[in-house]
Number of protein chains: 2
Amino acid sequence: MGQVSQKPSRRPRADSVRNRQRVLEAATAVFSAGGPDASLEAVARRAGVGIGTLYRHFPTREALFEAVYRHEVDQLGELARTLAGQGDPVDALRAWLHANVRLVATKKGMLAALALAAHGPKELYAYSFEHLTRAVGLLLERAVAAGEVRDDITAADLLRALVGMCYMNDQPGWQVNVLRLVDVFVDGLRVRPGGS
Amino acid sequence: MGQVSQKPSRRPRADSVRNRQRVLEAATAVFSAGGPDASLEAVARRAGVGIGTLYRHFPTREALFEAVYRHEVDQLGELARTLAGQGDPVDALRAWLHANVRLVATKKGMLAALALAAHGPKELYAYSFEHLTRAVGLLLERAVAAGEVRDDITAADLLRALVGMCYMNDQPGWQVNVLRLVDVFVDGLRVRPGGS
DNA sequence: TTGCAAAACGGAGGGTGCCTCCGTATATAT
DNA sequence: ATATATACGGAGGCACCCTCCGTTTTGCAA
């Protein structure tokens with residue numbers, strides 16, 4: 001992960017760079033609108049490139065997805081790091097989960113990507129899933145360490161529960177519902193004096 | 001919903017009945033193995049009928065799904081009715097949710113069907129979703145009436161949360177994890193003396 | 001500049017699945 | 001036995017997936 005590209009080989013071709021960018025933008029638009037099953041040929045058309053070009057840059061549908069959503073994922077990671085440094089642990093955890101729900105509202109495609117991540121044996125979603133797991137992990141561990149939250153739930157479990165709850169909601173106004181469900185869940189997470 | 005078919009028209013043809021049955025069995029097998037995206041032509045092949053025959057009996061993929069899983073859904077409905085008559089309300093609710101997880105373990109296809117139910121604007125999954133919602137509703141309302149559970153979560157929300165949590169788990173041993181998550185959720189559902 | 005090889009382009013093509021349509025076959029009723 | 005309602009099956013048109021390869025463009029060296 002250190003040195004990347006100082007080999008005195010050739011400079012990457014300008015058209016290649018440009019086309020890659022175009023495809024990426026087109027994919028963002030098309031996936032946002034049509035979900036993860038959208039036609040790759042539609043993406044190519046919209047980008048104004050041949051289907052072959054699309055496939056050369058992104059050999060699989062998954063590769064394209066990952067490229068599109070990597071940015072969002074990074075953002076969530078940063079948010080977690082910020083939140084981990086301040087305020088009540090449980091509040092911070094809840095805040096991150098809420099932010100996640102909100103982000104899903106605008107970028108529904110990522111959801112699908114994550115759903116697939118949990119499903120298929122494809123390793124390609126590893127990046128997103130790992131990063132997000134690490135992100136919640138940060139917050140979760142702090143809350144556990146503070147003795148405010150039970151310790152038998154893993155970060156991955158928590159993330160899956162979150163995504164699952166989002167995934168199943170499509171009705172108008174679903175955000176409110178999901179946020180409520182998240183609150184219920186966080187309540188359930190709390191260690192409580194008299195609990196079983 | 002009363003009289004169904006006493007019109008003195010013709011008796012249904014024997015081959016038609018037989019083929020319908022065959023397609024249904026084939027579909028059960030194929031969907032179980034290959035998920036909800038399995039090829040309908042594969043179903044037809046396995047059933048030993050033409051693709052046209054399949055489509056005549058089940059005009060859409062969804063119709064076929066519904067037929068396949070109606071039975072499972074009915075079973076869960078009955079279980080809810082049984083549980084509603086006995087024991088602690090919260091325990092009953094938890095028991096039903098657990099049973100659901102267990103059933104999902106054997107019939108993963110239903111999961112996918114329900115996931116689609118929440119997603120697409122297709123009304124065809126209404127049956128499953130409505131029935132199950134009614135089923136949890138039974139238990140949830142009883143628990144709310146007993147003052148043991150908060151009253152701002154709907155049966156549909158609860159069901160979606162449940163299915164979502166299942167949906168996102170595919171790893172070996174996922175059942176244990178999901179059951180734990182369900183427990184956390186039910187804990188969170190509880191009305192508690194000092195909570196916010 | 002010019003020339004040339006590496007790199008990228010694009011789309012034809014072979015495969016598969018979806019669903020419709022309609023000529024043919026068959027079961028039921030008279 | 002015949003008529004006719006009913007069901008059958010698969011060909012056909014369309015869309016998508018992905019690969020392969022002849023053509024075009026580009027960067028670099030002379």
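Labels below follow one simple rule: chain letters A, B, ... track the order of the sequence lines, proteins then strands, and each chain is numbered from 1.
In terms of position along DNA chain D, the nucleotide closest to B:R20 lies nearer the 5' end than the nucleotide closest to the other residue of the pair B:R20 and A:A14. Between B:R11 and A:N19, it is A:N19 whose nearest contact on DNA chain C lies nearer the 5' terminus. Residue order along DNA chain C, read from the 5' end via each residue's closest nucleotide, puts A:P12 first among A:P12 and B:P59.
Within the 4.0 Å cut-off from OP1 or OP2 of D:dC17, at least one side-chain nitrogen or oxygen of A:S39 is found. In terms of phosphate contacts, A:H57 brings no side-chain nitrogen or oxygen within less than 4.0 Å of OP1 or OP2 of C:dA8.
Judged purely by atom type and a 3.5 angstrom limit, B:T28 uses its side chain to pair as donor or acceptor with the backbone of B:L24. Not a single donor-acceptor pair under 3.5 Å links the side chain of A:R190 to the backbone N or O of A:E148. Without hydrogens or angle criteria, A:R22 side chain to A:V49 main chain gives no donor-acceptor distance under 3.5 Å.
Using a 4.0 Å cutoff on non-hydrogen atoms, no part of residues 42-50 of chain B comes near DNA chain C.
Distance CZ (B:R22) to C1' (D:dC8): 12 Å, rounded to an integer number of Å. Distance CG (A:L54) to C1' (C:dC9): 13 Å, rounded to an integer number of Å. One can place CZ of A:R61 at 9 Å from C1' of D:dC17, the figure rounded to the nearest angstrom. The separation between A:R56 atom CZ and D:dT23 atom C1' is 13 Å, rounded to whole Å. Between the CZ atom of A:F58 and the P atom of C:dA8 there is a distance of 13 Å, rounded to whole Å. Residue B:F31 contributes atom CZ, which lies 13 Å from atom P of C:dG17 at whole-angstrom precision. Per the geometry, CG belonging to A:L40 stands 6 Å off P belonging to D:dC18, to the nearest Å. Rounded to an integer number of Å, the gap from B:D37 CG to C:dC18 C1' is 13 Å.
Looking at A:D157 and A:T154, their side chains do bring a donor and an acceptor atom within 3.5 Å of each other.
Taking CZ of A:R150 as the start and CG of B:D187 as the end, the distance is 6.0 Å to the nearest 0.5 Å. Rounded to the nearest 0.5 Å, atoms CZ (A:R94) and CG (A:L139) are 12.5 Å apart. Distance check: A:L162 CG to A:L181 CG gives 10.5 Å after rounding to the nearest 0.5 Å.
Note on B:S16: only backbone sugar-phosphate atoms sit closer than 4.0 angstrom, heavy atoms only; bases stay farther off. Within 4.0 Å (heavy atoms only), B:T53 reaches at least one base atom of the nucleic acid.
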Q | Verdict with reasoning, B:L64 to B:V23, per side chain to side chain contact (heavy atoms under 4.5 Å, CB included) | A | CA-CA 9 Å; B:L64 187 50; B:V23 168; 4.2 Å; yes
**Q.** salt bridge (charged side-chain N to carboxylate O under 4.0 Å, His left out) evaluation trace for A:R180 with A:D183
**A.** CA-CA 5 Å; A:R180 225 190 339 257; A:D183 286 346; over 6 Å; no
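Contact record, B:A38 with B:R61: O-NH1, 3.1 Å, taken as the closest heavy-atom pair. When every heavy atom of A:H57 is checked against every heavy atom of A:N19, the shortest pair comes out as NE2-CB, 4.2 Å.
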Using nucleotides 23-26 of chain C, report all nitrogen or oxygen pairs with the protein that are shorter than 3.5 Å.
residue: C:dT26; atom: O2; partner: B:R13; partner atom: NH1; Å: 3.1

Distances for protein N/O vs nucleotides 12-14 of chain C N/O pairs under 3.5 angstrom?
none

